Amino acid sequence: MNRITKTLAVTAAVIIVGIIVLFQQEEPQGQAVTPDKSIPISSADSSDENTHKQSNDLLFVDVKGAVVQPDVYQMKQGTRVKDAIEEAGGLRDDANPLSVNLAQKLIDEMVIYVQEEGSTSTGSPENLGSTDKIFVNQATPIELEALPGIGQAKAEAIIDYREQNGPFTSIEELMKVKGIGEKTVENFQDKIQIP
């Protein structure tokens, strides 16, 4: 009888282990979900804690110019201009992709203006309305070189600083860029705009 009891115990143990394994295989195995780069405004959770957490992770950008669907888009922190343009349906056939820095990280309240091919404007949002100033946080090296006292090296230094430290928040912050001092900033401060 001892042998029969041991055989039954082993058989029962194997059956139990088999059932456990079977149930684990039937449970959904968390699927990899690719996070959406843009978040529809209506999908935000209404609880205060989640809304506060989400608001720190979200920003609004205004995509204009030669894109399929110009509009204001809600995007996640850390996304790039390229992502916002894709949300806007992509570039139109007549768009000049060189008029924007596709790799630039998005910032809240940013305006992304995509020029049409052959446009003679500076490619920045200032051409949309009342100002002829260069938007330093979105300007290309060529646009920055148009400023008095800014050559290729200083334009690259401005962009490097912007990419490493985020967008400029004041004109005075430009003096933190290597090679740019108070006199240089005085020469072009009326020709630039920092949000």
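From a predicted model like this one, the values you see are computed outputs, not experimental measurements.
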query: Would Glu116 and Arg92 count as a salt bridge (charged side-chain N to carboxylate O under 4.0 Å, His left out) if you check the C-alpha gap in whole Å, the side-chain angles of each, and the deciding distance to 0.1 Å?
result: CA-CA 9 Å; Glu116 294 178 358; Arg92 293 191 325 227; 2.9 Å; yes
Are any of the side-chain heavy atoms of [X] and [Y] separated by less than 4.5 Å?
X: Thr184; Y: Ile150; result: yes
X: Lys82; Y: Pro97; result: no
X: Asn137; Y: Arg162; result: yes
X: Val81; Y: Leu106; result: yes
X: Glu182; Y: Asn187; result: no
X: Tyr113; Y: Val100; result: no
X: Met75; Y: Asp83; result: yes
X: Val63; Y: Asp71; result: no

field: Asn96 and Gln115: CA distance, side-chain angles, deciding distance, side-chain contact (heavy atoms from CB on, under 4.5 Å) verdict
entry: CA-CA 6 Å; Asn96 177 1; Gln115 289 181 334; 3.8 Å; yes
- request: Decide yes or no on side-chain contact (heavy atoms from CB on, under 4.5 Å) for Val111 and Phe135, but give the supporting numbers first.
  value: CA-CA 10 Å; Val111 175; Phe135 281 53; 5.9 Å; no
Can you see which heavy atom on [X] is nearest to which on [Y], and at what distance?
X: Lys133; Y: Asp190; result: CE-O, 3.3 Å
X: Gln77; Y: Leu58; result: NE2-O, 4.0 Å
X: Ala95; Y: Ala66; result: CB-O, 3.4 Å

query: Can you check whether Val61's main-chain N or O pairs, donor with acceptor, with Glu109's side chain at less than 3.5 Å?
result: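 Side chain of Glu109 to backbone of Val61, a donor-acceptor pair under 3.5 Å: no, none is there.
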- prompt: Hey, does the side chain of Lys64 reach the backbone of Ile112 with a donor-acceptor pair shorter than 3.5 angstrom?
  reply: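 A pair under 3.5 Å: no.
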message: Quick check for you: to the nearest 0.5 Å, what is the distance between Asp62 atom CG and Tyr73 atom OH?
response: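 Here the rounded value is 10.0 Å.
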task: Determine, using ring centers only, whether Tyr161 and Phe168 are less than 6.0 Å apart.
output: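 They qualify: ring centres under 6.0 Å apart.
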message: Quick check: is Ile142 connected to Leu144 through a chain of hydrophobic side chains (ILVMFWY, heavy atoms under 4.5 Å apart)?
response: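 No, Leu144 and Ile142 fall in different hydrophobic clusters.
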